Amino acid sequence: MSTYEAVIGLEVHVELKTQSKLFCGCSTEFGKEPNTQVCPVCLGLPGSVGVVNKKVVELATKAGLALNCEIGTHTWFDRKNYYYPDLPKGYQVSQVFRPIAYKGYLDIEVEDEQKRINITRAHIEEDPGKLVHSGASITTSHSSCADYNRSGIPLVEIVSEPEIRSGAEAKAYLEKLKAILEYTGVSDVKMEQGSLRCDANVSIRPVGTTTLGTKTEIKNMNSFRAVQRAIEYEVDRQIAVVEDGEAVIQETRGWDENKGITLSMRNKENPDYRCFIDAELTHIKLTPEWIEGVKASLPELPDARKKRLVEEYGLPAYDAVVITSSLDLAEFFDATLAQFPDAKLISNWIMGELLRLLKAHSMELSEAKVTPDRLAKLLELIKKGTISNKIGKEVFELMFKEGNEPEEIVKEKGLVQISDEGQLTEILAEVIAKNPKSVEDFQSGKEQAIGFLVGQVMKATKGQANPGAVNGMLKEMLTKK
């Protein structure tokens with residue numbers, strides 16, 4: 001066991017779901033041609049002054065409330081001064097001194113253990129522009145171009161206390177945070193589009209001590225799994241540095257996904273951003289009544305939904321966690337349940353077939369052709385005995401691929417389950433005749449031999465025979481012999 005423990009704090013940058021930017025009317029639509037969604041305000045041209053987007057304040061307040069934060073009734077914006085090519089003004093507008101939300105927390109579960117991670121603050125700030133590199137990364141590029149479409153897009157930065165102790169805890173925290181922000185409609189939280197980005201501040205210290213070690217900041221992590229791997233690597237790296245008698249340097253490091261290592265990007269010793277209040281932007285004053293109105297608009301959050309699924313429908317806790325892990329999945333479950341009232345069976349199909357196929361095809365649920373209505377109809381066909389469970393899985397794959405109704409697929413492919421005794425008797429007699437050893441085993445008391453014979457019948461009928469009818473008929477026929 002290591003004599004050092006990890007001390008990790010996360011800074012999560014969340015793009016708020018607005019149609020226009022923080023201080024101007026430019027569109028926030030993703031994927032447009034570079035520098036086509038800009039104006040004098042978001043380009044920071046001299047003499048341009050912006051106006052605060054009210055929707056941003058509402059969404060940031062909603063995020064803070066959902067994260068159990070206190071909401072500041074009097075806040076303002078500050079200038080965080082530094083030079084970088086993606087920041088045309090020479091400063092970033094943020095909330096350094098008075099965040100809109102603070103003193104919150106998030107409860108996570110790792111390896112069946114509950115843990116509370118405290119949240120220091122959640123503040124509004126503007127996104128800088130984006131550098132488009134000629135190579136795979138900034139460290140391997142010979143040139144970069146600046147795209148200011150992102151400049152001025154509204155963000156809320158959520159900063160945790162340094163209370164995370166492992167990469168697994170960091171991943172659990174991010175998954176829970178993502179679900180909450182998605183449920184509230186604060187953000188679409190699409191990491192691949194930059195709507196949710198995470199920086200990790202990582203340090204180590206001897207077990208049993210409380211003094212924080214020198215930290216490094218890790219950037220360029222594009223998935224929760226990457227965050228976990230980057231933290232695990234960086235912790236091991238810092239321990240090796242210290243055990244070699246050297247000192248950890250305070251710096252920014254990038255994560256190389258292909259190599260599975262962090263790489264030094266720039267020194268970050270004693271940064272001085274010379275922050276001061278932005279006198280050109282109006283202060284934000286929120287009344288208790290307005291805050292209560294935002295609080296009343298909060299939807300059912302993941303923990304409450306999980307509890308409802310367990311208590312009202314008897315789902316196992318594990319199933320409820322998976323189902324509520326994303327809003328789309330939870331709503332798919334509820335919509336299916338409204339048409340086919342068997343929560344556990346629906347859960348089994350969602351967690352089994354649906355998630356398996358989504359993963360295999362690298363698809364989001366919103367892209368799938370399977371709908372709650374079609375899944376409910378499929379389960380009804382199985383319940384009625386029209387098709388077997390095995391055939392049902394084949395039909396589901398065809399629904400997923402083609403988007404057809406289950407009844408149409410069953411009819412077109414001739415997949416109706418064989419339950420007619422006259423038709424089955426002939427098939428069973430043939431299977432019995434071809435497998436005398438299994439018949440002898442069953443008749444000598446080896447009950448498990450019936451399973452092999454049932455399997456042969458299912459094989460002969462390409463899975464269309466009714467397994468229950470086959471089992472009963474086989475036992476009856478073999479007992480008579």
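Counting from 1, the numbers follow the sequence of the chain as shown. Nothing here was measured: the structure is a model prediction, and the numbers come from that model.
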Presence of salt bridge, [Y] and [X], under 4.0 angstrom:
X      : Y      : value
Glu397 : Arg356 : yes
Asp319 : Lys344 : yes
Lys55  : Glu58  : yes
Glu113 : Lys115 : no
Glu15  : Arg150 : yes
Glu234 : Arg253 : yes
Glu175 : Lys171 : yes

So with a 6.0 Å cut-off around [atom1] of [X], is the heavy-atom count from everything else above 12?
X      : atom1 : result
Lys176 : NZ    : yes
Glu364 : CD    : no
Lys383 : NZ    : no
Glu33  : CD    : no
Lys89  : NZ    : yes

For His142, all residues meeting ring-ring contact (aromatic ring centres under 6.0 Å, His included), sequence neighbours excluded: none

ring-ring contact (aromatic ring centres under 6.0 Å, His included) against Tyr173, all qualifying residues, sequence neighbours excluded: none

Give the intermediate values and the outcome of side chain to side chain donor-acceptor pair (under 3.5 Å) for residues Ser195 and Asp188. CA-CA 7 Å; Ser195 297; Asp188 60 21; 2.8 Å; yes

Applying side-chain hydrogen bond (donor to acceptor under 3.5 Å, both in side chains), can you list everything that pairs with Glu5, at least two apart in sequence or on another chain? Arg205

Before we go on, tell me: are the rings of Phe400 and His361 under 6.0 Å apart, centre to centre? yes

Would you say the ring centroid of Phe23 lies under 6.0 angstrom from that of Phe77? yes

Is the terminal nitrogen or CZ of Lys393 (NZ for Lys, CZ for Arg) located under 6.0 angstrom from the six-membered ring centre of Phe396 and within 45° of that ring's axis? no

Arg79 charged N/C atom sitting above Phe276 aromatic ring, 6.0 Å / 45°: no

Just do the side chain to side chain donor-acceptor pair (under 3.5 Å) check on Thr216 and Gln238 with the steps written out, would you? CA-CA 9 Å; Thr216 59; Gln238 290 188 21; 3.0 Å; yes

Is it true that a side-chain atom of Ser141 and a backbone atom of Ser144 form a donor plus acceptor pair closer than 3.5 Å? no

From [X] atom [atom1] to [Y] atom [atom2], the distance as rounded to the nearest 0.5 Å:
X      : Y      : atom1 : atom2 : result
Ile158 : Leu181 : CD1   : CG    : 5.0 Å
Leu67  : Ile117 : CG    : CD1   : 13.0 Å
Leu375 : Leu379 : CG    : CG    : 4.5 Å

Taking atom types as modelled, is there a side-chain donor on [X] or [Y] under 3.5 Å from an acceptor on the other?
X      : Y      : value
Thr120 : Glu161 : yes
Gln114 : Asp107 : no
Asn53  : Ser20  : yes
Asp78  : Ser94  : no
Glu292 : Trp290 : no
Gln19  : Ser27  : no

Does the pair Asp334 and Arg305 meet the rule for a salt bridge (Lys or Arg N to Asp or Glu O under 4.0 Å), with working shown? CA-CA 11 Å; Asp334 279 351; Arg305 201 161 197 162; 2.7 Å; yes

Does the plane of the ring in His283 sit parallel, tilted or perpendicular to the ring in Trp76? Use 30° and 60° as the thresholds. tilted

Chi angles and distances behind the salt bridge (Lys or Arg N to Asp or Glu O under 4.0 Å) call for Asp199, Lys219: CA-CA 5 Å; Asp199 299 334; Lys219 290 182 175 290; 2.8 Å; yes

Yes or no on side-chain contact (heavy atoms from CB on, under 4.5 Å) for Thr371 and Arg374, after CA distance, side-chain angles and deciding distance? CA-CA 5 Å; Thr371 64; Arg374 287 172 182 153; 3.4 Å; yes

side-chain contact (heavy atoms from CB on, under 4.5 Å) assessment of Leu43 paired with Tyr148: CA-CA 7 Å; Leu43 287 175; Tyr148 294 115; 3.8 Å; yes

Give the intermediate values and the outcome of side-chain contact (heavy atoms from CB on, under 4.5 Å) for residues Lys178 and Val12. CA-CA 10 Å; Lys178 176 180 181 290; Val12 182; over 6 Å; no

